[in-house]
Amino acid sequence: MLPWLTAAFSFFLACSVNGLDAVLNDTCAGQADINQVACMIQKLDIKLGSQSSKLDKVIQLLQGGGQSSCKEIFEKGSMRENKAYLLNVESEKIPVYCHMERTTQLEACGGGGWTLVMKIDGKKRTFHYDANLWTNKKDHNPSAGKILFDHQETKLPTYWSTPFSKICLAMKIGHQVNSIMIKKQADSLYSLIADGNHRSTSLGRHTWKKLIGQQASLQRNCNQEGFNCKSYSKARIGIISNGEKNCDTCDSRIGFGAGGYPDGDDNTCGNWARHGGDNGDRDIKAMGYILVQ
């Protein structure tokens, strides 16, 4: 192993238990330098107990600290666990949840290294359509950006600093998580949203309804989708629909960063439908998750 890697690891070896050297030498010898460290971390996980969290930080510094996105870490091929990694964001290393391998919750998005950007609680007004968090470069509760499917809201610096070609959108309603994917190239999510201009997508209403499941309801007309959709109903990311054959008075939506006039303004993520939704009236508030790759 290279001397600098040995030095970085040596402090933690002092905390080892009896027989540690044998474990490391027998199971990790002969691997490439950084992979050998990764192997050591895995083998020490049980033996060192709480010390493994410190060792995990070392491996993140060695393997994850130089990359600015989860995709970059994934493409290196050495770290594939779905968890937080240290990313180099605006010259700082911050822990960010990375979704590396395909799971049933994000089935529509697959694996490949997804970088967490935001988590939105549809019952709260933190990420209402009109909230400044959509138009500024200030984070919100970044400590909650280390895990995914919980109920803590967050906005990470990845909102304005991470370029991508795909966006993974997921909504959690009860214990069910549904996801869809948008293919869209941009310098950041901020660049698509902050100026307030509508930017269209072409997923179709059927795909947007997958975020909600069988209970989803939308009016049949307008179907304006994408970023900064705005009428009576509005969504920073999503789809809005109308009973009339225009987009002037939309009364239904599925989306993230939502709001509405005169009704439904307290539903900021999920499904709202009135006045002729194709599956009846709806007020479904969801926990929303936004990742990019």
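What's counted below: heavy atoms across the whole structure, side chains too, no hydrogens, waters or symmetry copies. For clarity, every value in this text was computed on a predicted model and none was experimentally measured.
V292 and L148 are assigned to two separate hydrophobic clusters, defined by single-linkage of ILVMFWY side chains at heavy-atom distances under 4.5 Å. Hydrophobic clustering (side-chain heavy atoms under 4.5 Å, transitive across Ile, Leu, Val, Met, Phe, Trp, Tyr) keeps L116 apart from L169.
Contacts of C269 classified as disulfide bond (SG atoms under 2.5 Å apart), with partners at least two apart in sequence or in another chain: none. Here H140 pairs with F127 under the ring pair (Phe, Tyr, Trp, His ring centres under 6.0 Å) rule; sequence neighbours left out. Residues satisfying the side chain to side chain contact (heavy atoms under 4.5 Å, CB included) test with K146, not counting sequence neighbours, are A84, P95. Not counting sequence neighbours, C250 has no partner by the disulfide bond (SG atoms under 2.5 Å apart) test. The side chain to side chain contact (heavy atoms under 4.5 Å, CB included) test applied to E107 returns R102, not counting sequence neighbours. Y190 pairs by the ring pair (Phe, Tyr, Trp, His ring centres under 6.0 Å) definition with nothing, not counting sequence neighbours. N221 is linked by a side chain to side chain contact (heavy atoms under 4.5 Å, CB included) to K245, counting only residues two or more places apart in sequence or in another chain. Shown here are the side chain to side chain contact (heavy atoms under 4.5 Å, CB included) partners of T103, two or more places apart in sequence or in another chain: N82, H99, Q105, L106.
Contact of the T268 side chain with the T126 side chain is not registered, since no non-hydrogen atoms from C-beta on lie closer than 4.5 Å. Looking at heavy atoms from C-beta onward, I239 lies out of side-chain contact with Q224 at the 4.5 angstrom threshold. Residues C70 and W114 fail the side-chain proximity criterion, which asks for heavy atoms closer than 4.5 Å. The shortest side-chain heavy-atom distance between I120 and I290 falls under the 4.5 Å cut-off. Side-chain atoms of I254 and M171, non-hydrogen and from C-beta on, do get closer than 4.5 Å to each other. L156 is not listed as a side-chain neighbour of Y97, based on a closest heavy-atom distance of 4.5 Å or more. For the pair W134/K155, no side-chain contact is recorded, criterion being any heavy-atom separation below 4.5 Å from C-beta on. The closest side-chain heavy-atom distance from L291 to M118 is not below 4.5 Å.
The pair D283-R274 fails the salt-bridge criterion, with no side-chain N (NZ, NE, NH1 or NH2) lying under 4.0 Å from an Asp/Glu carboxylate O. No salt bridge links K123 with D266; every basic N to acidic carboxylate O contact stays at or beyond 4.0 Å.
At a cut-off of 3.5 Å, with distance as the only test, a side-chain donor of S252 or Q219 sits close to an acceptor on the other residue. Using a 3.5 Å distance cut-off with no hydrogens or angles, the side chains of Q293 and K166 do pair a donor with an acceptor. Counted by atom type alone, S165 and Q185 present zero donor-acceptor pairs between their side chains at under 3.5 Å. With no hydrogens or angles considered, a side-chain donor-acceptor pair links S233 and R253 at under 3.5 Å. If you check the side chains of D281 and H275, you find no donor sitting under 3.5 Å from an acceptor. No hydrogens or angles considered: nothing links the side chains of N178 and K209 as a donor-acceptor pair under 3.5 Å.
Applying the ring pair (Phe, Tyr, Trp, His ring centres under 6.0 Å) test to every pair with at least one member in residues 205-224, sequence neighbours left out, gives no pairs at all. Residue pairs meeting the side chain to side chain donor-acceptor pair (under 3.5 Å) criterion with at least one member in residues 234-243, sequence neighbours excluded: D130-K234, N223-S241, N228-R236, N242-N246, N242-T249. Within the structure, ring pair (Phe, Tyr, Trp, His ring centres under 6.0 Å) pairs that include any residue of residues 142-178 comprise F149-Y289 (at least two apart or interchain).
Considering L86, L87, T115 in turn, L87 is the only one that fulfils the side chain to side chain contact (heavy atoms under 4.5 Å, CB included) rule with I73.
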Item to complete: Go through I212 and I173 one step at a time and tell me if the side-chain contact (heavy atoms from CB on, under 4.5 Å) criterion holds.
Response: CA-CA 8 Å; I212 304 300; I173 302 168; 4.0 Å; yes
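For D278, the CG atom counts as densely surrounded, since its 6.0 Å shell holds more than 12 non-hydrogen atoms of other residues, nucleotides or ligands.
Grouping Ile, Leu, Val, Met, Phe, Trp and Tyr by side-chain contacts under 4.5 Å, direct or through others, puts Y261 with Y232.
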